[in-house]
Amino acid sequence: MEILLIGNTDFVTKQWIEHAFPKDKVVVARREGTESSGEELKIIDMPDGDVVSEVFSSYEFDRIVYFSEDLTPRSVRDGDLGHLRRLLHAIRNRKTQIVMVSGPESEFTYPQEEDVRETSKSLMSRACEELGLYYARTYDLEVKIVRCPYLYAPQRHGVTAYFNDLFERAESGELRFHEQAEQRTCFLCADDLAELIYRIFDDWTADSELFHVPNVFDFTYGDLGKLIAGYFPGAKVAYGEDRPQMYPSDDRELRLRYGFSPRYSLRDDLPHVIEGWLKLRDGTTDEHPVWDFLRNHSKWWTVPEIVGAFLLTEWLRAMMQGDSQLGIVDLRLLFVVIIGTIYGLHAGVLAAVLACAGVAVAYASQGASFAPLFYDPSNWLAFVVYFVAGSVCGYVQLRNHENVEFVRDENDLLRNRLDFLRGLYHDVLDDRRQLRDQIIGRRDSFGKMYAMTRELDEVQPQKLYRTAIRIMQESLDSDSLAIYRLDNGGQFARLVAASPHFEGDGIRSIRIADYAEIIAALDHNSIWANRTLDSRYPMYAVGVRDRGELAVIITMGTARPDQMNLYFQNLFTIMCGLVESAMVRAFEYENVARRSMLVPGTNLLKAEAFLPKILAANELTHDHMSNHLLLKVDNQESVEDVDARLAQSIRQTDEAGVLKDGSVYLLMNQAGPKELPIILKRLERSGLQCSLIPRTQEDEVLASERSRIAQPDYGDES
């Protein structure tokens, strides 16, 4: 999955990501002023909220973790309400799972000041939470809010705004807290938060929830000041007069639901944090000024080296005078060659100038006149040789240096290309893994199709309607699905199940003659598409045929613009094809087993067959996919006489049966309190006196019947 970490991400490290999302692809959104962890993470620079929409136009994130600014004590950054609104607005209607991690500000209470219940920070924190819940209610988002203490990250060696400031103040000699010494600290280790986030996503539910992370360790600011001062000798600790704050006690919800409880204490982790901070400081600032000068001014250091080498050369010449073997060696020429070879062209020319000066000084020390030196060209030979040697050796060294630099730059370029290609290779591997997971796990993949086929393996039509609506809602992303069953005469189609938000109360029954255009299309094609956008008709319709005759019509009332394409039509056809196969199989089974389900000599169902149909109707009603009424026949007549009166009084989609108490009951599907007077009048015209079984009594009747039937033969629901 693609994960985005956004907001106050100062404490996020590679180890933290591996702990919270071990198998996912994680991207960190870094805002201006965010401290770098120094690790190779996939970073998106997001300096302001205007970049949010651009990021989400390029990336498709499945999960987002938003870290609030109030996770850092006394943060100097601006509030994040506007930034959060832009984020939520950019991902609306994307079915994204979001965990919002907020700080403890909205949880604090002030026992000594009963009139103080809210502060500016708590109001801002609650506003962010309410904003997230609003988008969850209004748009297709799944939001969970985690209120937790302030965060600290041991792996960052204190490089978070709050602790970094404390250590710097302690190092300067004065450590000052705004809180009182007896005030209890409120901190949570980032590793504990990583564990909690992992468990929340691992056991994700679609409901919006709010969790409280407890502060389980008894550690005061007085203890914190003493602990820090122990590492900075001479540091004085001062405390403020802020009003005492109280953090709520553990409600044990996270412990019971996720088995989570904070494990790492600030008292135990802080010594390692301080030691790491001191090592980091010593490794970057404790440099000797002389060596630092030499490192930064190495080019200017060559001049003293050349002068020193020249003086050494002149001293050697003076020492070797009178030696017949060493006297023939021109040490000045050797000096020029060495300097030019080591330091380059400019140093070689400077060495030649020094060598010429040495020759001139030697002439002057012998009492020679400079006039013959300038007027006799043969005396110029030594000077020319020095300059030529220095220039040639320096030029060769310069060319070699340039060649080395060129090769080094070329290697760096190749290395950068290699890193880029390696990154592309890993991205391709990640995309390949994600595509493979999508092929297996997408809602319209073959794996899902197989799971749907298994779920549709049902022989009771009422239960099959419920399962069909549920899986089609998930796969087609629609809340306007409906299933109609045609009566024996083929004149009407009765609504048997619909989506919970189906807006079709007025069309529980369809006259086939009014849908002649749709029926004609279903006779020639497998699907009807409302290309003219006629408001009288649904957007899509597919027919289910039983033994060559149209038996069921599946409709989709509304469709979004992105669902009006060939891909969606094919997907709708495939889904309805799966449902059709299951329905035909269920109809065939019901037709074959119908005779054994009936009370002998009547069309009334036995208790063993009638009870599962009532239970299935209850499930449809509970899921808001259908509605029903359960009526009891009060006539003191035989079962055969009641059956004769019912022959023309109930619809094909209704059911009549006998329960174990011997009474005849009527299950009126897709009927509610509004239709009850009409149904009772129709039954009275047939000479039947019926009474409604209220929903509470209906549950009692079903419970007693289920206890009487130990082993049902048909569609046991218990």
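Fair warning: this is a prediction, and the values are worked out from it, not measured in the lab.
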TODO: Using the side chain to side chain contact (heavy atoms under 4.5 Å, CB included) rule, take Ile145 and Ser208 through it: C-alpha gap first, then chi angles, then the decisive distance, then the call.
DONE: CA-CA 8 Å; Ile145 298 174; Ser208 296; over 6 Å; no
TODO: Could you go through the side chain to side chain contact (heavy atoms under 4.5 Å, CB included) check for Val143 and Gln97 one step at a time?
DONE: CA-CA 6 Å; Val143 178; Gln97 300 175 355; over 6 Å; no
Open item on the list: Under the criterion side chain to side chain contact (heavy atoms under 4.5 Å, CB included), I'd like the reasoning laid out for Arg494 against Arg485: C-alpha separation, chi angles, the key distance, then a yes or no.
Closed with: CA-CA 5 Å; Arg494 314 289 185 181; Arg485 185 166 183 179; 5.5 Å; no
Task: Test log, rule salt bridge (charged side-chain N to carboxylate O under 4.0 Å, His left out), inputs Glu209 and Arg257 - done: CA-CA 12 Å; Glu209 299 175 280; Arg257 181 166 176 178; 2.2 Å; yes
Open item on the list: One pair to check against side chain to side chain contact (heavy atoms under 4.5 Å, CB included): Leu266 and Phe163. What are the steps and the verdict?
Closed with: CA-CA 12 Å; Leu266 180 62; Phe163 283 104; 4.0 Å; yes
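Identified under the salt bridge (Lys or Arg N to Asp or Glu O under 4.0 Å) test for residues 189-198, with sequence neighbours left out: Glu195-Arg199. The salt bridge (Lys or Arg N to Asp or Glu O under 4.0 Å) contacts involving residues 561-578 comprise Arg560-Asp562, where partners must be two or more places apart or lie in separate chains.
Considering all non-hydrogen atoms of both residues, Cys128 and Leu81 come closest at SG-CD1, 3.7 Å. The two atoms that bring Leu84 and Met100 nearest to each other are CD2-CE, 3.6 Å, heavy atoms only. Among all heavy-atom pairs drawn from Ile6 and Ala29, the shortest one is CG1-CB, 3.8 Å. Residues Leu495 and Ala482 share a closest heavy-atom pair of CD1-CB, 3.8 Å. The minimum heavy-atom distance between Val146 and Val213, with the atom names listed, is CG1-CG2, 3.6 Å. Annotation for Gly543 and Leu522: closest pair N-CD2, 3.8 Å, computed over non-hydrogen atoms.
Residues Leu88 and Tyr66 are not in side-chain contact: their nearest non-hydrogen atoms beyond the backbone lie 4.5 Å or more apart. The side-chain heavy atoms of Val27 and Phe61, taken from C-beta on, include a pair separated by under 4.5 Å. At least one side-chain heavy atom of Ile17 sits under 4.5 Å from a side-chain heavy atom of Leu5. Residues Ile554 and Met575 are not in side-chain contact: their nearest non-hydrogen atoms beyond the backbone lie 4.5 Å or more apart. Using a 4.5 Å cut-off on side-chain heavy atoms (C-beta onward), Asp24 and Asp62 make no contact. In this structure the side chain of Leu476 reaches within 4.5 angstrom of the side chain of Leu571, judged on heavy atoms.
Interatomic distance, CZ of Arg147 versus CZ of Phe211, reported as 12.5 Å (0.5 Å rounding). Taking OG1 of Thr573 as the reference point, atom CD of Glu580 lies at 10.5 Å (rounded to 0.5 Å). A distance of 9.0 Å separates CD of Glu105 from OG of Ser68, quoted to the nearest 0.5 Å. Atom CD1 of Ile553 and atom SG of Cys576 lie 11.5 Å apart (nearest 0.5 Å). Atom CG of Asp479 sits about 9.5 Å away from atom CE of Met556, to the nearest 0.5 Å. The CZ atom of Arg243 lies 11.5 Å from the CZ atom of Phe108; values are rounded to the nearest 0.5 Å.
Not one N or O on the side chain of Arg466 forms a donor-acceptor pair closer than 3.5 Å with the backbone of Ala616. Distance alone, capped at 3.5 Å, is enough to place a donor-acceptor pair between the Trp16 side chain and the Ala190 backbone. At distances below 3.5 Å, at least one donor-acceptor pair connects side-chain atoms of Arg184 with backbone N or O atoms of Phe217. For the pair Ser499 (side chain) and Leu481 (backbone), a donor-acceptor distance under 3.5 Å is present. Not a single donor-acceptor pair under 3.5 Å links the side chain of Asn8 to the backbone N or O of Asp70. Remark: side-chain polar atoms of Ser125 are not paired, donor with acceptor, to backbone N or O of Lys121 under 3.5 angstrom. Within the 3.5 Å criterion, the main-chain N or O of Thr558 finds a donor-acceptor partner in the side chain of Ser480. Side chain of Asp251 to main chain of Glu253: a donor-acceptor pair is present (N/O by atom type, distance under 3.5 Å, no hydrogens or angles). At distances below 3.5 Å, at least one donor-acceptor pair connects side-chain atoms of Lys144 with backbone N or O atoms of Thr205.
For Ser102, the side-chain hydrogen bond (donor to acceptor under 3.5 Å, both in side chains) test picks out Glu129, with sequence neighbours left out. In this structure, the side-chain contact (heavy atoms from CB on, under 4.5 Å) partners of Asp269, at least two apart in sequence or on a different chain, are Tyr152, Pro154, Cys189, Tyr264. Partners of Tyr247 under the ring pair (Phe, Tyr, Trp, His ring centres under 6.0 Å) rule, at least two apart in sequence or in another chain, do not exist in this structure. Among residues two or more places apart in sequence or in another chain, the side-chain contact (heavy atoms from CB on, under 4.5 Å) test is passed with Arg470 by Glu455, Thr467, Glu474, Met625. Residues satisfying the salt bridge (charged side-chain N to carboxylate O under 4.0 Å, His left out) test with Arg63, not counting sequence neighbours, are none. Judged as a ring pair (Phe, Tyr, Trp, His ring centres under 6.0 Å), and not counting sequence neighbours, Tyr198 has no contacts. The side-chain contact (heavy atoms from CB on, under 4.5 Å) check on Thr138 picks up Tyr134, with sequence neighbours excluded. Evaluation of the side-chain contact (heavy atoms from CB on, under 4.5 Å) rule for Thr96 yields Ile64, Ile91, Arg94, Ile98, Leu141 as partners, not counting sequence neighbours. The ring pair (Phe, Tyr, Trp, His ring centres under 6.0 Å) test applied to Phe572 returns Tyr540, not counting sequence neighbours. Scanning for ring pair (Phe, Tyr, Trp, His ring centres under 6.0 Å) contacts around Tyr135 gives Tyr139, with sequence neighbours left out.
Note: Tyr150 and Phe187 have tilted aromatic rings, judged against thresholds of 30 and 60 degrees for the angle between ring planes.
The 12-atom threshold is exceeded at CZ of Arg126, counting heavy atoms of other residues, nucleotides or ligands nearer than 6.0 Å.
A donor-acceptor contact closer than 3.5 angstrom links the side chains of His89 and Arg92.
Screening Leu188, Asp250, Leu254 against Pro262 for a side-chain contact (heavy atoms from CB on, under 4.5 Å) leaves a single residue, Leu188.
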